Amino acid sequence: MNEKTVSVLPVRQLCLIALMAALMCLLGPLAVPIGPVPISVMTFIIYLTMYLLGMKMGTVSCMIYLLLGFVGVPVFAGYTGGAGKLLGPTGGYLIGYLFLTLIGGFIMEKTAFKRIWCMAGTIVGTAVLYLFGTVWFMILMKCEFTYALSACVIPFLIGDLAKIVLAELVGQEIRKRLKSAHLIG
């Protein structure tokens with residue numbers, strides 16, 4: 001590797017991290033309130049982030065989004081933000097995005113982004129997101145598991161499965177094009 005390649009690579013990575021964090025901030029607030037947890041496109045954006053950035057950079061991008069929301073920038077569903085939102089009853093689902101990027105991104109990277117494993121990674125990561133968020137919700141709301149499941153998980157299963165399939169199709173294509181342009185490794 002020459003010096004020029006070494007100095008440019010981190011800038012590309014930083015730009016991709018910032019781009020995906022910006023996309024999360026831009027689309028994260030758009031949501032349909034159907035109950036305690038709104039329907040949003042955030043899981044789809046997180047899935048794409050994993051496809052494009054992998055585990056480490058995807059997690060950093062997600063952390064930037066969460067930190068911006070934590071300090072009060074209105075990037076969460078319904079244009080909300082602040083520590084109260086992140087630490088409130090549905091905050092476990094927001095924090096669960098970190099588990100999703102870590103687990104899903106890890107599986108994707110370790111399997112060289114093969115289709116079936118990418119889908120498996122997103123499904124496992126989403127299951128951990130659901131589990132973490134639901135337990136958090138139950139503790140803060142002092143409610144039963146069946147209520148939390150019916151309010152916070154079941155309404156989202158079909159939509160998230162559709163997002164996983166769409167992210168697989170779109171993510172693989174974008175990843176292929178970014179690789180051919182030498183923007184990702």
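We number each residue from 1, following the sequence as shown. Computed from a prediction, not measured in an experiment: that's the story for all the values here.
Counting heavy atoms from C-beta on, the side chains of Gln13 and Leu53 never come closer than 4.5 Å. Put simply, the side chain of Phe156 reaches to within 4.5 Å of the side chain of Ile34, judged on heavy atoms. Counting heavy atoms from C-beta outward, Leu16 and Leu52 have side chains that stay 4.5 Å or more apart. Residues Tyr47 and Val170 have side chains not in contact (no heavy-atom distance under 4.5 Å, counting atoms from C-beta outward). With contacts defined as side-chain heavy-atom distances shorter than 4.5 Å, the pair Leu100/Val128 does not qualify. Residues Leu102 and Met55 meet the side-chain proximity criterion, which asks for heavy atoms closer than 4.5 Å. Contact of the Tyr93 side chain with the Thr134 side chain is registered, since non-hydrogen atoms from C-beta on lie closer than 4.5 Å. Contact annotation: the side chain of Leu66 never approaches that of Met24 to less than 4.5 Å [non-hydrogen atoms, C-beta and beyond].
Side-chain atoms of Thr43 and Asp160 include a donor-acceptor pair closer than 3.5 Å. For the 3.5 Å distance criterion, the side chains of Thr122 and Tyr51 fail to qualify, holding no donor opposite an acceptor.
Hydrophobic clustering (side-chain heavy atoms under 4.5 Å, transitive across Ile, Leu, Val, Met, Phe, Trp, Tyr) keeps Trp136 apart from Ile139. When hydrophobic clusters are built by joining Ile, Leu, Val, Met, Phe, Trp and Tyr residues whose side-chain heavy atoms come closer than 4.5 Å, directly or via intermediates, Leu19 is not grouped with Leu68. Note on Ile39 and Ile158: separate hydrophobic clusters, where clusters join Ile, Leu, Val, Met, Phe, Trp and Tyr whose side-chain heavy atoms are under 4.5 Å apart, directly or indirectly. Under the 4.5 Å side-chain heavy-atom criterion for Ile, Leu, Val, Met, Phe, Trp and Tyr, Ile45 and Leu30 are members of the same hydrophobic cluster. Neither Leu67 nor Leu86 shares a network with the other; the hydrophobic side chains, linked directly or stepwise wherever heavy atoms of I, L, V, M, F, W or Y lie under 4.5 Å apart, form separate groups for each.
Listed here is the closest heavy atom pair of Ser40 and Gly28: CB-O, 4.5 Å. For Ile64 against Ala21, the heavy-atom pair with the smallest separation is CG2-CB, 3.8 Å. The heavy-atom pair separating Leu129 from Tyr97 by the smallest distance is CD1-N, 3.6 Å. The nearest pair of heavy atoms linking Phe113 to Met50 is CE2-O, 3.6 Å. Shown here for Ala167 and Leu48, the closest heavy-atom pair between the two residues is O-CD2, 4.2 Å. Heavy atoms only, all atoms of each residue included: Cys62 and Ile46 are closest at SG-CD1, 3.9 Å.
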side-chain contact (heavy atoms from CB on, under 4.5 Å) for Phe106 and Thr101? Distances and angles first, verdict last.
CA-CA 8 Å; Phe106 176 80; Thr101 57; over 6 Å; no
Q: Please step through side-chain contact (heavy atoms from CB on, under 4.5 Å) for the pair Cys25 and Val73, ending with a clear verdict.
A: CA-CA 9 Å; Cys25 291; Val73 179; 5.9 Å; no
Stepwise side-chain contact (heavy atoms from CB on, under 4.5 Å) check, Leu149 with Glu144: CA-CA 9 Å; Leu149 202 61; Glu144 296 292 323; over 6 Å; no
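Ring to ring, Phe76 and Tyr65 are close: their centroids are under 6.0 angstrom apart.
Heavy-atom neighbours of Leu169 CG from other residues, nucleotides or ligands within 6.0 Å: above the threshold of 12. Counting heavy-atom neighbours within 6.0 Å of Met63 CE, excluding the residue itself, gives a total of 12 or less. More than 12 heavy-atom neighbours from other residues, nucleotides or ligands sit within 6.0 angstrom of OH on Tyr130.
No donor-acceptor distance shorter than 3.5 angstrom exists from the side chain of Arg115 to the backbone of Gln172, with no hydrogens or angles considered. The closest donor-acceptor contact from the side chain of Ser150 to the backbone of Tyr147 lies under 3.5 Å. Proximity of a side-chain donor or acceptor of Ser61 to a complementary backbone N or O of Met57 within less than 3.5 Å is not detected. A donor-acceptor pair under 3.5 Å is absent between the side-chain atoms of Trp117 and the main chain of Glu109, judged by distance alone.
Atom CG in Leu161 sits 11.5 Å away from atom CG in Leu166 (nearest 0.5 Å). Taking CD of Glu173 as the reference point, atom CD of Glu168 lies at 11.5 Å (rounded to 0.5 Å). Between Leu131 atom CG and Thr126 atom OG1 the span is 12.5 Å, to the nearest 0.5 Å. Between atom CD1 of residue Ile174 and atom CD1 of residue Ile184 there is a gap of 10.0 Å, rounded to the nearest 0.5 Å. Atoms OG1 and CG, from Thr49 and Leu23 in turn, are 7.0 Å apart once rounded to the nearest 0.5 Å.
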